[in-house]
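As structure tokens, the structure follows; a few thoughts come after it.
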Amino acid sequence: MILLKVMLSKKSILPISTTVSKRGHLIIGGCDTIELVAEYGTPLYILDEFTVRSKCREFKIAFSQRYADTTVIYASKAFLNKALANIIKEEGLGLDVVSAGEIIIAKSADFPMDMVYHHGNNKSIEELNMAIKNHISRIVVDSQDELEMLALIAEEKGYIPNIMLRLTPGVDVHTHEHITTGFIGSKFGIPLFAADELVEKAMAEPSLNLVGLHFHIGSLILETQPYEESIDVVLDFAAEMKQKHGFELEELNIGGGFGVRYTEEEIVPGVPFFAEAIVTRLINKCHQLNLSLPALTIEPGRAIIAQAGVALYRVGGIKDIPGIKKYVSVDGGMADNIRPALYGSPYEAFVANNMLEDKKELVTIAGKFCESGDILVKDINLPPIKRGDILAVPVCGAYSLPLQSNYNVSLKPAIVLVNEGERRLIRRRQTYDELTNCDLL
Ligand code: LLP
């Protein structure tokens, strides 16, 4: 296949391996996306293995070069299946899980349980039992009630789990209100004013081993300041606990949240920029407070997987409302990617079978589901589109797949992993039998 070196600027939001063929087809991981949809149908999600692995390495290198004692944990809620768990394991990252289902996937990929962190604001007794039975590395405790329940389970099982306390540092994060979590009053975490008592309780509890503190202040964070402020707040608290209760902070987990670009105009700090600010503040603040340097844990989800994913749709009806709008409808939408409807998230799109066309017209990409809010991309300039064209929406690797639904009794799409010209189906499309079999007459 002859590939053109043209077009994709260095700052492209498409997967790193993306090129364009001489015929103007979008090529990802050396695979022609038009051939992929001919084989697997649409909507189809493509994951570029090279991008996933590069992002894992970028995080590991950026942080460990500056702070050797760093562990990178992939937040699996951004997307997890068996094949991805395997890649994350091979790259030497840990895994953040929040449910029995995520633990089951991790186990099915033989993920080392001493690299798994268990989160969640309402872990069930079953989930805590599972975490203890599997000797999960850390259980990140979210409330007093959970601390007490876990202590009983641990005593009964005769196993002492390592725990962290999740704190809400009360720092303002400029992101969508649905994805900010570090404010006092959040459903996640323990407000600082209540945390003193919990540190004392956890330290006094013989069936628990308190190793550190955690915070996760939100997602899609585009500045370093909220991390720096949260580090200050939580280290001040750690120093106070040391003085009051003799608490030693062995590990500080600063969560995930690192922003990514969804559109070409957006400016987002690179991973080294985040790493530099976070590590500098951590070291300086520890010195200032006379605290020993703790192990550092980070939990990126979106920033590992978002850019690797591209959604491919087939264009159907085109509706031109003269002087008002031209709608281009595709065969997917809010059931496979609810992010535009839920958060007003901006996306870009490309015509995958016509990447070399310069002529552009203003259109709006509509999903096929029965909601007026099912608009994938508002007002975008694209080459002239006709029924049957293939539309590619980039940066669909994070939180689109896990938030998918069967709205309008639609089927969840297939996922294909691509790399160096090879393709592998890593999730097949659902079938109508699978959906209707759950229904009882
Ligand atoms: N750690 C914890 C404890 C979390 O709750 C999360 C995300 C992460 C790490 C990873 O954050 P990330 O690096 O991916 O930003 N559905 C929303 C995002 C929800 C984030 C939930 N927690 C969206 O589509 O934007």
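Please read these numbers as outputs of a predicted model, since none were measured by experiment. Counting convention: from 1, in listed order, for ligands and their atoms alike.
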#### Entry: Check: Arg53 side chain, Ile88 main-chain N or O, donor-acceptor pair, under 3.5 Å
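Checked: no pair found.
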With a cut-off of 4.0 Å, which atoms of ligand 1 are near a heavy atom of [X]?
{"X": "Asp96", "value": "1 (N), 2 (C), 9 (C)"}
{"X": "Ala75", "value": "8 (C), 9 (C), 10 (C)"}
{"X": "Arg166", "value": "3 (C)"}
{"X": "Gly257", "value": "11 (O), 12 (P), 13 (O), 15 (O)"}
{"X": "Lys77", "value": "2 (C), 3 (C), 4 (C), 5 (O), 6 (C), 7 (C), 21 (C), 22 (N)"}
{"X": "Pro300", "value": "13 (O)"}

### Proximity of Phe188 to ligand 1 by residue part, where a heavy atom lies under 4.0 Å
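Phe188 to ligand 1: no contact under 4.0 Å from either part.
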### Query
Relative to ligand 1, is Glu299 under 4.0 angstrom through side chain, backbone, both or neither, heavy atoms considered?
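Both the backbone and the side chain of Glu299 come within reach of ligand 1.
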### Aromatic ring proximity Phe274/Tyr227, centre distance under 6.0 Å
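For Phe274 and Tyr227, the ring centres are under 6.0 Å apart.
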### Query
Just wondering, do Arg66 and Pro272 contact through their side chains at under 4.5 Å, heavy atoms?
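Counting from C-beta outward, Pro272 and Arg66 do come under 4.5 Å.
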### Task
Determine whether Leu95 and Leu80 make a side-chain contact, defined as any pair of heavy atoms from C-beta on separated by less than 4.5 Å.
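Heavy-atom side-chain distance check passes, below 4.5 Å.
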### Query
Taking N or O atoms only and a 3.5 Å limit, does His214 qualify as a polar contact for ligand 1?
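Looking only at distances, the answer is no, because the N/O contact criterion of under 3.5 Å is not met.
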### Query
When only distance counts, is Ala78 in polar contact with ligand 1, meaning an N/O pair under 3.5 Å?
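No; the residue has no nitrogen or oxygen that sits under 3.5 Å from a nitrogen or oxygen of the ligand.
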### Message
Could you tell me if His245 and Asp196 have a donor-acceptor pair between their side chains, going purely by distance under 3.5 Å?
### Response
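A donor-acceptor contact under 3.5 Å links the two side chains.
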#### Entry: Minimum heavy-atom distance between Tyr347 and Ser400, given as atom pair plus value
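Closest pair (atom of Tyr347, atom of Ser400, distance): OH-OG, 4.1 Å.
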### Query
Would you call the rings of Phe59 and Phe258 parallel, tilted or perpendicular, where under 30° means parallel and over 60° means perpendicular?
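Phe59 and Phe258: tilted rings.
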